[in-house]
Amino acid sequence: MTSAVSTPHKATDFSGQYIDGIWRAGRSGRCQADRNPYDGSVLADITLANRQDLDEAYRAAEAAQSAWARTLPSERSEVFLRAIQVMDARKEEIVSWLIRESGSTRLKASMEWSAVRGGMFEASTLPPRACGRIQPIDIEGRESRTYRVPLGVVGVISPWNWPMHLSNRSIAPALALGNAVVVKPSDETPVSGGLLLASIYEEAGLPPGLLNVVNGDVAEVGDEFTLHPIPKFISFTGSTKVGRRIGELAMRATALKRVGLELGGNAPLVVLDDADVDQAVRAAVFGRFLHQGQICMSTNRIVVDASVYDDFTERFIAHVRTLKHGDPNLPETAVGPIINRRQLDGMLAHIDAARSAGARHVVGGDPEGLVLPPQVFIDVDNQSALAQSELFGPIALIVKAKDEADALRMANQTDVGLSSAVFTRDEGRGLRFSLQIEAGMTHINDITVNDSPNIMFGGEKNSGIGRFNGDWIVAEFTREHLVTLQRTPRRYPF
Ligand code: NAD
């Protein structure tokens, strides 16, 4: 099959792949409709890649990378500064794709646009930050130098929930640090998770081959994406189940490779007895219902001290009742559609199971299409299936804690540890409490959903391996090469 070639300058007719700077169809012979989860309309017909397409993408990346790694740091920085201008010029188009393709509310889509833009700005600062070290060494006449150099080709696999940001969170720093990239977006978000970004970087003048987008069926290209000998690092963001598989494949591959695994969460938001209850309520509502709860850092469990429990619960329910649900394009909508039928059915099954198990369901409502109105359960057992599941939907649950020690014990009663939050008026207490939470990130008096491009991001336990942003991503997306230099002849024992 020959490839259809198109060049979507303004990114309106994406059809499949972006490989070696060419917009073209995939060679699998199969097509997949990219649909709007709110109204079911078809946004694009994506022709899927086969393994040959994937191989070509990796080869194109490898061929382009070494010249890119030799460019001056400022040349790489400038690509990102131009990309920011493209982001600004095309803001409404980008926000619109995020609303239509991933069911983002207008608010969330604007937040995601800002996150991508911020990530590009941070990336513009990275090229001169890949510093090595010269160290003293206890051997006469010797110098020890540790160089920091690009890895080569980085493979990126991203999810659908913040598709553009979570792809760009890996793509931008990888490119800035002199690597080339092949990205496989989620099949729910082939445009905002990959093709749209490629068109932005193309317009910003990124040379061909450095960023390649492969949209393919996981059954066909999934394992090969990690097993392929060219990528040196697989940056995966998604579920813990798939992340484990990626990790296994990376260790099994003929050419061993590094992995970054950013996986699922079950974030607790703890309200201590001295908290500003009103502020805690607002944070819990926003941190739970933003993007319909489909965020790895979403507030999955609200753990409230018994002394403020009734007050908190009453105000929380009242606030949730004010939230509007429905068309994500309307500025006033707080809760839009779930990404697909399968995910919605999963949420409905959780609600039924919790009700059967006797949980108190105090705010509810039936789905309208894929829009599930906000749901609230109170007096929930922290060990119940509801509390122990990552609920990727607009379902809030409140757990009562006897005291601070009980709240801490329950916050840690989970096999994942990505984000968390604690509300208290006592700064010292908040810091002591935070450091005992088994998670990568804890926010005192703020929502659990936080990601700033220069601030460390990452999880503990089954939430994954690896770190993002700032100096942490410089360490991840470069390798260190030790070179020692013996200036005077060294005496050996024999
Ligand atoms: P998912 O694991 O189902 O899919 C993630 C990506 O992996 C998609 O691109 C998918 O096509 C791909 N994939 C699936 N099976 C694969 C295979 N066998 N080989 C190669 N690729 C494969 O996750 P999802 O449903 O898209 O996203 C939701 C999950 O992501 C949640 O668990 C959420 O917590 C997690 N997440 C984590 C973070 C984080 O930073 N820790 C951020 C966002 C989402």
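As the structure lists them, so they are numbered: ligands from 1, and atoms in each ligand from 1.
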Margin query: Quick check on I246 - does any of its heavy atoms sit under 4.0 Å from an atom of ligand 1?
Written below: yes

Item checked: Heavy-atom nearest option to atom 36 (N) of ligand 1, drawn from G194, S186, A267, C296 -> C296

Note to self: My understanding is that we take every heavy atom of each candidate and find the minimum distance to atom 40 (O) of ligand 1. Doing that for R169, H165, M297, which one comes out nearest?
What the structure shows: R169

Margin query: As a check for students: among Q294, E224, E390, K184, identify the option with a heavy atom nearest to atom 31 (C) of ligand 1.
Written below: E390

Margin query: Under a 3.5 Å cutoff, is there a donor and acceptor pairing between the side chains of R90 and S199?
Written below: yes

Check: When you check the side-chain N and O atoms of T442 and S434, is any donor under 3.5 Å from an acceptor?
Finding: no

Next item on the list: Would you kindly specify which portion of L263 sits under 4.0 Å from ligand 1, judged on non-hydrogen atoms: side chain, backbone, both or neither?
Entry: backbone

Item checked: Region of L166 engaging ligand 1 - heavy atom pairs below 4.0 Å -> side chain

Next item on the list: Could you give me the CA-CA distance, side-chain angles and deciding distance for H350 and Q375, then say whether side chain to side chain contact (heavy atoms under 4.5 Å, CB included) is met?
Entry: CA-CA 11 Å; H350 276 301; Q375 313 279 320; over 6 Å; no

Margin query: Do T448 and T299 pair up side chain to side chain, a donor and an acceptor below 3.5 Å, judged on atom types alone?
Written below: yes

Margin query: Which residue and atom name correspond to the protein heavy atom nearest atom 33 (C) of ligand 1, and how close is it?
Written below: F392 CZ, 3.3 Å

Notebook entry, point to check: So, R288 and S298: side-chain donor and acceptor under 3.5 Å apart, yes or no?
Noted result: yes

Note to self: Starting from atom 8 (C) of ligand 1, what is the nearest protein heavy atom, named by residue and atom, and what distance separates them?
What the structure shows: S158 O, 3.3 Å

Checklist line | Close approach of F468 to ligand 1, heavy atoms, under 4.0 angstrom | finding: no

Note to self: Among all protein heavy atoms in this structure, tell me which lies nearest to atom 24 (P) of ligand 1, with the distance rounded to 0.1 Å.
What the structure shows: W160 NE1, 3.4 Å

Margin query: For atom 1 (P) of ligand 1, tell me which residue out of G265, S239, A219 has the closest non-hydrogen atom.
Written below: S239

Check: How does V242 reach ligand 1, by side chain, by backbone, by both or by neither, if only non-hydrogen atoms under 4.0 Å count?
Finding: side chain

Notebook entry, point to check: Quick one: do the Q17 and D53 side chains pair a donor with an acceptor below 3.5 Å?
Noted result: no

